[in-house]
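Before any comments, here is the structure.
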Amino acid sequence: MVEIAQVFNNNSVLVNLGDHRQAIVKGKGIAFRRTKGNQIDSSKVEKIFYLNTKTAQENLYFLIKDIPIDIVTTTYEIIDYAIKKFDYNVLDYAYITLGDHIFGSYQRILSHTYQESLIPDMSNQYPVEYLISHHALDIIYKNLDIKFPESETKSIALHFINAKGAESQKSDLKEDTTKGINQIVKSILNANKIFRIDANSNYFDRFMIHLQYLAGRLNDSDEDDKEFSENLEREMKNSYPESFKIAKEIYDSLQSQLSVELDSNELLYFIIHIQRLIQEKSN
């Protein structure tokens, strides 16, 4: 039998597995009339999402502060599908960025303020990521009873593209490299009068988490997609000129000051983060 560490709702709980390991367990009525310390009924278990590292557990608590648990578990189910179906390795921070994205799209669809992403189709370059994201729309519809537009496959795929890698990278990060990245980025943000305030704290923190993992992807560029990247850069520059300017300054400064080479996808992700922070409308 497994002990409950936290009840999220009637259908999902956090459980202790021993040896400092935890898992999210889903099942209809699995937490009905249950509290912390009670045992779960194993016959009601439908899904298990393992949190085998301290980072994975910290990311869960970071998510559930701001995001409904049904969206959190949907995020875990999508990533679990990618791992099991395609043996796809993702950095832990994908749970935060993808969960944050799904919640944001969910809110905008319900409030009728949703706008299709201007991210270009990259399915030819990343077929596996697009297969994952197409199935993600099915999972979202099944779990949340909301139909995301087909264009969301581009945005969801981008989260997997950006977070692909072995988690061991994070443990090998040099502290001085991470500090150097943060200092460069914060200096540019400050110069552009972008500060962490209550109104943008969630987006600011997401950006900082992205930078935390960036050190593990330095000098990991893909020359094969150079022409494609240049076209993408032009499109984003036209769509989000202010965000592009700031993001490009960060992108170029990191490469020159740290003597590293960044993948062009990093520039796209910087643009998205900056666009959220300054709430720039697309042209």
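Atom set for the values below is all heavy atoms of this structure, side chains included, hydrogens, waters and symmetry mates excluded.
- Taking 4.5 Å as the limit, every side-chain heavy atom of T73 sits out of range of all side-chain heavy atoms of N11.
- Between the side chains of N38 and T35, at least one donor N or O sits under 3.5 Å from an acceptor N or O.
- Salt-bridge formation is detected for the pair D205/R196: a Lys NZ or Arg NE/NH1/NH2 atom is positioned less than 4.0 Å from an Asp or Glu carboxylate oxygen.
- In this view, H20 satisfies the ring pair (Phe, Tyr, Trp, His ring centres under 6.0 Å) rule with no residue, not counting sequence neighbours.
- Around the OH atom of Y50, the shell of radius 6.0 Å holds no more than 12 heavy atoms that belong to other residues, nucleotides or ligands.
- A tilted orientation is assigned to the rings of H134 and Y130, their planes being inclined by 30° to 60°.
- The ring pair (Phe, Tyr, Trp, His ring centres under 6.0 Å) check on F49 picks up nothing, with sequence neighbours excluded.
- Side-chain atoms of Y114 and E152 include a donor-acceptor pair closer than 3.5 Å.
- A tilted orientation is assigned to the rings of H101 and H159, their planes being inclined by 30° to 60°.
- Using a 4.0 Å cut-off between charged nitrogen and carboxylate oxygen, D100 and R276 count as a salt-bridge pair.
- One finds a salt bridge joining E77 and K142 here, because a Lys/Arg side-chain nitrogen approaches an Asp/Glu carboxylate oxygen to under 4.0 Å.
- Counting only N and O atoms by type, the side chains of N190 and S187 include no donor and acceptor under 3.5 Å apart.
- Salt bridge K248/D252: present, at least one basic N to carboxylate O contact under 4.0 Å.
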